[in-house]
Amino acid sequence: MPYLNIAEVDSASVNLAHAYPGLCELVELPEKSIEGVTCHALRLGDHDAGTHDCVVLIGGVHAREWGSCEILVDFAADLLEAYKSKSGLGYGGKRFTAADVCTLLNDLDIVVFPLVNPDGRRYSQTVEPMWRKNRNSAHAPAGGDGECVGVDINRNYDFLFDVATAFSPTAGVRVSSDPCDPELYQGPHPFSEPETRNVRWLLDDAFPRTRWFVDVHSYSQDMLYVWGDDQDQSDDKSMNFLNPAYDGRRGMADDTEYREYIPKSDLDSATALARSFSEALHGVRGTKYTAKSGFDLYPTCGTSDDYAFSRHITDQDKGKILSYTVEWGTEFQPPWAEMENVIKDVSAGLLQFCLGAAAMPQAVAS
């Protein structure tokens with residue numbers, strides 16, 4: 001099977017919902033893309049929506065990372081078929097029992113949103129393979145086109161969006177305020193894009209019991225946990241992203257000026273799930289993924305994972321979400337034979353991740 005185009009990704013979601021009634025619900029996202037595409041997610045579970053804690057998995061955010069959609073579609077299809085047939089699942093050397101599969105669909109809502117950025121994917125697959133952003137031209141300078149089109153969706157979330165104020169001027173944060181930046185333009189303000197607003201809607205409105213979140217990207221063979229703006233620390237609560245006393249000091253590695261606070265219990269839970277993902281993935285064919293913080297890859301802001309975890313800090317009415325970014329593979333569009341192997345790798349990692357989430361005491365997850 002070659003890489004799916006955007007119509008095929010969507011039809012796969014629709015067909016799964018039709019094929020597994022009672023186990024799989026089609027969820028229509030509230031906002032169409034700039035080019036008018038209606039997006040769909042799937043809710044997997046053998047119970048009514050909203051009655052169980054939820055894992056949200058998203059992909060297809062960066063247009064050129066084609067395999068993220070296939071990973072999530074295949075993961076959903078495998079899980080549904082195994083549950084219906086009362087069988088286990090095997091990915092290379094990693095096996096999961098029928099009881100494991102039942103645990104996931106009995107004890108969790110699993111929401112799969114395989115294609116967040118349909119316009120960008122279509123452009124990448126038909127015009128410019130290395131295109132990363134969406135296709136919004138509204139923010140381009142008058143008459144702008146080409147690289148002046150589009151926003152990097154994974155810099156458009158509401159977390160330390162004002163880079164010039166929040167970060168050290170020499171931090172080298174991977175973001176840009178220039179509408180003509182070919183890859184990293186953050187947009188004019190947080191949630192300026194329908195794609196990020198759709199993800200926010202999943203967390204805030206559709207599935208407020210979301211407790212875990214994974215954004216599937218490529219590439220670097222990592223499983224990243226928060227934070228992405230600076231190194232983690234669990235000693236000084238005052239040293240946090242809301243404290244303006246630390247503006248201008250964030251984003252520098254191996255310094256004493258600033259490190260982002262995360263409670264030790266949250267850090268322990270976050271790292272344990274990241275390691276479980278990497279260990280299960282390794283069991284498929286021996287591939288090594290590294291569990292580490294997002295900052296240890298490079299400093300960022302406005303990303304989905306940092307936003308998802310920060311919500312309960314900025315608004316105490318919101319539930320805590322342990323959030324992650326998978327960086328699969330070693331290239332954006334590997335040959336299909338290799339992509340099939342990557343799908344097995346990451347599916348095993350995600351399945352083990354969800355099992356770990358289901359086993360977490362409620363006091364840890366909430």
Just by distance, with hydrogens left out, do [X] and [Y] show a side-chain donor and acceptor under 3.5 Å apart?
X	Y	result
Asp305	Thr325	yes
Thr165	Asp247	no
Ser124	Trp66	yes
Glu195	Asn134	yes
Thr196	Asn156	yes
Glu8	Tyr3	no
Asp100	Thr97	yes
Ser323	Trp212	no
Ser176	Asp178	no
Asp152	His62	yes
Tyr83	Asp46	yes
Asn136	His139	yes
Asp232	Ser293	no
Glu327	His217	no

- Below 4.0 angstrom, N of the basic side chain to O of the carboxylate: do Arg209 and Asp109 qualify? no
When the ring centroid of [X] is compared with that of [Y], is the distance short of 6.0 Å?
X	Y	result
Tyr219	Phe332	yes
Tyr324	Phe353	yes
Tyr307	Tyr157	yes

- side chain to side chain contact (heavy atoms under 4.5 Å, CB included) between Leu115 and Asp10, intermediate numbers included: CA-CA 8 Å; Leu115 181 49; Asp10 195 61; over 6 Å; no
- Under the salt bridge (Lys or Arg N to Asp or Glu O under 4.0 Å) rule, what do Lys264 and Asp235 come out as? Steps first, then yes or no, please. CA-CA 8 Å; Lys264 187 176 186 304; Asp235 299 318; over 6 Å; no
- Query: If every non-hydrogen atom of Ala82 is compared with every non-hydrogen atom of Leu89, which pair is closest and at what distance?
  - Reply: CB-CG, 3.7 Å
- Evaluate side chain to side chain contact (heavy atoms under 4.5 Å, CB included) for Asp266 paired with Lys320, printing each intermediate quantity in order. CA-CA 10 Å; Asp266 291 340; Lys320 182 186 298 179; 2.8 Å; yes
- Query: When you look at Lys133 and Glu147, which way does the salt bridge (Lys or Arg N to Asp or Glu O under 4.0 Å) test go after all the steps?
  - Reply: CA-CA 9 Å; Lys133 301 180 288 182; Glu147 292 181 346; over 6 Å; no
- Message: salt bridge (Lys or Arg N to Asp or Glu O under 4.0 Å) for Arg121 and Glu70? Distances and angles first, verdict last.
- Response: CA-CA 13 Å; Arg121 183 178 179 90; Glu70 285 77 3; 2.9 Å; yes
- Query: Is Lys84 atom NZ crowded by more than 12 heavy atoms from other residues, nucleotides or ligands, each under 6.0 Å away?
  - Reply: no
Taking the six-membered ring of [Y], is NZ or CZ of [X] closer than 6.0 Å to its centre and within 45° of its axis?
X	Y	value
Arg250	Phe167	no
Lys94	Phe96	yes
Arg174	Tyr298	yes
Arg200	Phe191	yes

- Phe159 and Thr303: CA distance, side-chain angles, deciding distance, side chain to side chain contact (heavy atoms under 4.5 Å, CB included) verdict: CA-CA 7 Å; Phe159 180 77; Thr303 58; 5.5 Å; no
Considering only heavy atoms from C-beta outward, does the side chain of [X] approach that of [Y] to under 4.5 Å?
X	Y	answer
Asp345	Trp328	no
Val111	Leu42	no
Tyr20	Leu16	yes

- Is there a path of hydrophobic side-chain contacts, each under 4.5 Å between heavy atoms of I, L, V, M, F, W or Y residues, that connects Ile110 with Leu80? yes
- Kindly work out whether a path of hydrophobic side-chain contacts (I/L/V/M/F/W/Y, heavy atoms less than 4.5 Å apart) joins Leu29 to Val61. yes
- Item | Among Gln333, Glu183, Glu128, the one residue meeting side chain to side chain donor-acceptor pair (under 3.5 Å) with Arg64 | Glu183
- Message: salt bridge (Lys or Arg N to Asp or Glu O under 4.0 Å), that's the test. Do Arg285 and Glu338 meet it? Break it down for me.
- Response: CA-CA 12 Å; Arg285 55 172 178 150; Glu338 172 58 14; 2.9 Å; yes
- For the atom pair OG (Ser192) and CG (Asp158), what is the distance rounded to the nearest 0.5 Å? 11.0 Å
- Test applied, salt bridge (Lys or Arg N to Asp or Glu O under 4.0 Å); reference residue, Arg311; option that passes from Asp317, Asp204, Asp306: Asp204
- Message: Before you tell me yes or no, could you show the steps for Asp119 and Ser33 under side chain to side chain donor-acceptor pair (under 3.5 Å), namely the whole-Å CA-CA distance, both residues' side-chain angles and the distance that decides it to 0.1 Å?
- Response: CA-CA 7 Å; Asp119 300 347; Ser33 71; 2.7 Å; yes
- Per the ring pair (Phe, Tyr, Trp, His ring centres under 6.0 Å) rule, which among Tyr261, Phe241, Tyr258 passes with Trp227? Phe241
- Just one of Asp215, Leu72, Val326 clears the side chain to side chain contact (heavy atoms under 4.5 Å, CB included) bar with Leu57, so which one? Leu72
- Message: What verdict does the side chain to side chain donor-acceptor pair (under 3.5 Å) test give for Ser265 and Asp268, after you've listed the backbone C-alpha separation in whole Å, the side-chain angles of each residue and the deciding distance to 0.1 Å?
- Response: CA-CA 5 Å; Ser265 59; Asp268 289 347; over 6 Å; no
- Task: For side chain to side chain contact (heavy atoms under 4.5 Å, CB included), just list the numbers for Lys292 and Leu297, CA-CA rounded to whole Å, side-chain angles, deciding distance to a tenth of an Å, and then say yes or no.
- Result: CA-CA 8 Å; Lys292 63 184 182 183; Leu297 183 63; 4.3 Å; yes
